[in-house]
Amino acid sequence: MLLNVRDLVIDYKTPRGNVRAVDGVSFDVPAGAVVGVVGESGCGKTTAVRGITRVMPGAARFAGGAIEFEGRDIVTMSEREMRKLMWREIAYVPQSAMNALDPVWRVGKQIEEVLRDRGGMGKRDARARAAELFSMVGLDAQRLTDYPHQFSGGMRQRASIALALALSPKLVIADEPVTALDVVIQRQVLDTFAELQAALNLSVILVTHDISVVAYVCDYVVVMYAGRVAEAGPVAEVLANPAHPYTMGLYNAFPELSGDDRELSPIEGSPPDLLDPPAGCRFRPRCPFAQERCAQEPPDVAVGDGHRALCHRADEAAALRDVAKKVDTWTGVSAA
Ligand SMILES: Nc1ncnc2c1ncn2[C@@H]1O[C@H](COP(=O)(O)OP(=O)(O)O)[C@@H](O)[C@H]1O
Ligand code: SF4
Ligand SMILES: [Mg+2]
């Protein structure tokens, strides 16, 4: 296993109190696999993956757990070891491509800077490698002298992937890499990303709020809700047989990237404020299948090979799935 995240807890100290944005999250990233981390905005996805890079906002604190990369714990690693790991072993593509690229520098210069500063390359080699990286991600090397604002959204996203791949890392963490793009461009960027992943045998953690992106490119999925893992497992298995009502709801809420004519139904309401999350199952206020026992902490149930769900009713999932497919199952739930 390339990466093991174990019982990870990350808090934000805020003036209003402690926000436990990541609350006991565990998942694995096998070598050469694409792991999707999916959930609505505010569920702790970015906090969890930024923990892996240790580049976190000042208010964030590790409050428990471990992140083992090839057996070494990132949480307790020295700054020096961490500096060796980032870019060379683990690269991070932040949530907006504009965050990855500095607007005042030519794109090619930024890539060369990483190659020279972090990779110890000379000027000439860095320039050649930057051109090679551009062509790998489907950009014309002549555009290396452009500034980020001269690029379209899709091109900027490609450039930020080129930047991440600069020093041939083993693990690439991409946070919402296609979110701001229209569907056609999303597919093109994801196709390029998938080709590179396979060709380079990269391990990838892909963060997205869109479960159709997971279906399109991921091997494994980690569904996060309110700071916890609601469901996790191999993508084919989880999407064919979702065992957590939140996963069932997410699937109903998004059109497939391939385009289909399913009737969509949003999950009413929004994830809880993590300053004061509901007791018991955190999805309970929005769950059409909630029962009295759901006010108690739900068990983490193994429902298949490497497939688990945090739900009192996981053993009834097959029956719940049939009901979840009906659009009116999801209407009037939050109000009820
Ligand atoms: N810098 C921060 N300071 C305080 N709270 C934060 C900060 N960043 C995120 N949070 C809180 O942590 C929770 C999870 O946020 P985030 O990890 O960004 O979720 P996601 O990526 O799934 O949208 C949210 O409730 C958010 O309000
Ligand atoms: S534990 Fe209860 S409320 Fe939570 S997802 Fe399962 S059925 Fe719904
Ligand atoms: Mg995020």
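Ligands are counted one by one from 1 in listed order, and the atoms in each one are counted from 1 as well.
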### Side-chain donor-acceptor pair present, Q291, H312, cut-off under 3.5 Å
no
### Query
Under 4.0 Å from any heavy atom of A21, which atoms of ligand 1 are there?
12 (O), 13 (C), 14 (C)
### Query
Hey, does V107 have a side-chain heavy atom less than 4.5 Å from the side chain of Y147?
no
### Query
Out of A48, P57, G58, whose heavy atom sits nearest atom 1 (N) of ligand 1?
P57
### Query
Is any side-chain heavy atom of L115 less than 4.5 Å from a side-chain heavy atom of D125?
no
### Task
Taking the side chain as every heavy atom from C-beta outward, state whether D11 and V19 have any pair of such atoms under 4.5 Å apart.
no
### Message
Going by a strict under-4.0 Å cutoff (protein heavy atoms only), does atom 27 (O) of ligand 1 have a neighbour on the protein?
### Response
no
#### Entry: Region of S41 engaging ligand 1 - heavy atom pairs below 4.0 Å
both
### Query
Can you find a pair of side-chain heavy atoms, one from K170 and one from L202, that are under 4.5 Å apart?
no
### Query
Is there a donor-acceptor contact under 3.5 Å linking the side chains of E195 and T192?
no
### Task
For atom 16 (P) of ligand 1, grab the closest protein heavy atom and report residue, atom and distance to one decimal in Å.
T47 OG1, 3.6 Å
## Note on the structure
dist I267:CD1 -> Y251:OH (nearest 0.5 Å) comes out at 14.0 Å
### Query
Could you state the interatomic distance from CG (L250) to NE2 (H209), rounded to the nearest 0.5 Å?
10.0 Å
### Message
Pairing donors with acceptors under 3.5 angstrom, does anything connect the side chains of S212 and D210?
### Response
yes
### Query
At what distance is the nearest protein heavy atom to atom 3 (N) of ligand 1, and which residue and atom is it?
Y12 CD2, 3.5 Å
### Message
Using the Mg ion (ligand 3) as the vertex, how large is the angle between OE1 of Q95 and OG1 of T46, rounded to 10 degrees?
### Response
80°
### Message
Whether the D28 and Y220 side chains hold a donor-acceptor pair (N or O, under 3.5 Å, no angle test) is what I'd like checked.
### Response
no
### Per-atom contacts of ligand 1 with C43, taking only distances under 4.0 Å to non-hydrogen atoms
19 (O), 20 (P), 22 (O)
### Nearest-0.5 Å distance that lies between atom OH in Y216 and atom OG1 in T208
13.5 Å
### From V19, V37, T46 - option closest to atom 18 (O) of ligand 1 by heavy atom
T46
### Query
Considering distance alone, does some N or O of L274 sit under 3.5 Å from an N or O of ligand 1?
no
### Message
Could you check whether R286 pairs with E40 (Lys NZ or Arg NE/NH1/NH2 to Asp/Glu carboxylate O, under 4.0 Å)?
### Response
yes
### Query
If we only count N/O pairs under 3.5 Å, is K45 in contact with ligand 1?
yes
### Task
Could you please give the number of protein N/O/S atoms within less than 2.8 Å of atom 4 (Fe) of ligand 2?
1
### Message
Is the distance from the ring center of H244 to that of Y225 below 6.0 Å?
### Response
no
## Note on the structure
shortest atom 19 (O) of ligand 1-to-protein heavy-atom contact is with G44 N, 3.1 Å
### Query
Any side-chain heavy atom of I211 sitting closer than 4.5 Å to one from L239?
yes
### Query
At a non-hydrogen distance cut-off of under 4.0 Å, which region of T14 contacts ligand 1 (side chain, backbone, both, or neither)?
side chain
### Message
G42 versus ligand 1: do any nitrogen or oxygen atoms come within less than 3.5 Å of each other?
### Response
yes
### Task
Would you mind running through ligand 1 and noting each atom that sits below 4.0 Å from a heavy atom of E40?
22 (O)
### Query
Does the protein place any heavy atom closer than 4.0 Å to atom 14 (C) of ligand 1?
yes
